[in-house]
Number of protein chains: 2
Amino acid sequence: MDDGNLSTVESQDHHVNPTSAAILGLLRQSGPLNANALAETAKVRIGGYWTVTRSQVYRELAALEKRGLVEFGPRGPRNSRACSITELGADAFLAWLDSGPIDDVVRFPLLLTVRFAADLPPGRFDEIIEEFAAMHAQTLAMYRSIENAIIDGPHDIYDLATLRFGIHFEMAIEQWLGELGDLLE
Amino acid sequence: MDDGNLSTVESQDHHVNPTSAAILGLLRQSGPLNANALAETAKVRIGGYWTVTRSQVYRELAALEKRGLVEFGPRGPRNSRACSITELGADAFLAWLDSGPIDDVVRFPLLLTVRFAADLPPGRFDEIIEEFAAMHAQTLAMYRSIENAIIDGPHDIYDLATLRFGIHFEMAIEQWLGELGDLLE
DNA sequence: AAGGCCATGTAACAAGTTACATGATTAA
DNA sequence: TTAATCATGTAACTTGTTACATGGCCTT
């Protein structure tokens, strides 16, 4: 007996993946945008923890239009057309938002290298770690300057929250790097 | 003038993606394995920071075989066949390892939710954060017990290093969650 | 008005995930 | 011996990335 199946069909109809949800969410806050502008917006607004390429935007928007979650305006300047979220789209976005994050798998490319570092020629691992440290020190510094820039003025606290996550993350890397030296003599 | 092109062709010939590199690296340490065993090994050995699905293993191995980086033994029990790394494969693995991690993009699904949390009904965000906190507290506890289990006996320090990264990462999440409360009143 | 640049769009490819087919192995 | 289970393999689909085509726009 397929109990409860019918009741879930309707909600699954609205199901969107995180990338589409991000697109919808941004569209909802910003108003009509064409695909390029959307991609640019995504980069600025959520680029620190989520990547959305231009091509993805085009594809997702096309798919979302078929489902009636977004709609396009007339063709404009360079054959571009603005896209706006529909009510159904807003519903889908909010449904996604309410469902919370499911995926919890994080991939750290560096750790793959670390795992096999024993096979690296002497000194090479130190160099790699050095590069890595430099990059992340830079990232942390950038985050801190952003934080300083926005903290005094008016700002979205949730946006600040994501920034703070980044700062904690980078500090964790920093601390880990610090103890790496001891760990490896 | 295409200066230097010829000299780089040879090295690019060996180029493998991180997932293939992981497969080669594991194969290199473990000796011949069939695809399933390899997938299982990957899960156990590097599953904490890199995912390799069964299907990926089959596809990558097939591709690697064509390039002569791995080779298969005869068909066995359930039509399975053991796969082993070739010398060329070992070279490719070491070349990848030596190149260091390039990709540095990390995706945090939770932060997408956080970014749009203002659109969430009152209290729902707290619930989501609560779930998240519980999950990660559990992860951190697990990491700590693993650490305790291996730290006294003989162990690979690089393996320990990846574990320590995980612990720092989870602690960063913990700290961030702690300050989230203050941030949002 | 000619040329290069760049925004826009599309297509091809690579990687990741999910679902399916099959037959050996095991347990009743 | 029959049924259920599970290891193995394959295929279909989704998502992510890279490369390509086109033509409007700006500069000179």
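A note on names: the letters A, B, ... follow the listed sequences, proteins ahead of strands, and every chain is numbered from 1.
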Does the side chain of [X] get closer than 4.0 angstrom to OP1 or OP2 of [N] through an N or O atom?
{"X": "B:N34", "N": "D:dA7", "result": "no"}
{"X": "A:T51", "N": "D:dG16", "result": "no"}
{"X": "A:Q56", "N": "D:dT15", "result": "no"}

Separation between CG of B:L160 and CG of A:L183, rounded to the nearest 0.5 Å: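 Reported value, rounded in 0.5 Å steps: 5.0 Å.
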Starting at CG of B:L64, measure out to CD of B:E60 and round the result to the nearest 0.5 Å.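 Answer for the CG-CD pair, B:L64 versus B:E60, is 6.0 Å.
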Strictly under 6.0 Å, is that where the ring centroids of A:Y158 and B:F125 end up?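 Under 6.0 Å, so yes.
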With heavy atoms under 4.0 Å as the rule, sort B:T53 into base, sugar-phosphate or nothing.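 Base: the residue B:T53, judged by heavy atoms under 4.0 Å, touches a nucleobase.
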Sugar-phosphate, base or nothing in reach of A:S55, heavy atoms under 4.0 Å: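 Since a base atom lies under 4.0 Å of A:S55, the category is base.
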How long is the line joining [atom1] of [X] and [atom2] of [N], in whole Å?
{"X": "B:R54", "N": "C:dC20", "atom1": "CZ", "atom2": "C1'", "answer": "11 Å"}
{"X": "A:W50", "N": "D:dT15", "atom1": "CH2", "atom2": "P", "answer": "11 Å"}
{"X": "A:N36", "N": "C:dT8", "atom1": "CG", "atom2": "P", "answer": "4 Å"}
{"X": "A:E40", "N": "C:dG9", "atom1": "CD", "atom2": "C1'", "answer": "16 Å"}
{"X": "B:N17", "N": "C:dC13", "atom1": "CG", "atom2": "P", "answer": "17 Å"}
{"X": "A:L61", "N": "D:dT15", "atom1": "CG", "atom2": "P", "answer": "14 Å"}
{"X": "B:L33", "N": "D:dG9", "atom1": "CG", "atom2": "C1'", "answer": "17 Å"}
{"X": "A:K66", "N": "D:dT14", "atom1": "NZ", "atom2": "P", "answer": "11 Å"}

Just to verify, which of A:V57, A:T41, A:L38 counts as forming a side chain to side chain contact (heavy atoms under 4.5 Å, CB included) with A:V52?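 It is A:V57; the other options fail the test.
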Is a donor on one side and an acceptor on the other found under 3.5 Å between the side chain of B:S80 and the backbone of B:G76?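 No; judged by distance alone, with no hydrogens or angles, the pair does not exist.
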More 5' along DNA chain C: A:R59 or A:R75, using each one's nearest nucleotide?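 Mapping each residue to its closest nucleotide by heavy atoms, the 5'-most match is A:R75.
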Whichever of B:R107 and B:R78 has its nearest DNA chain D nucleotide further upstream toward 5':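 It is B:R78, whose closest nucleotide lies nearer the 5' terminus.
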Find which nucleotide of DNA chain D each of B:Y58 and A:N79 is nearest to by heavy atoms, and output the residue with the more 5' nucleotide.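 In this pair, the answer is B:Y58.
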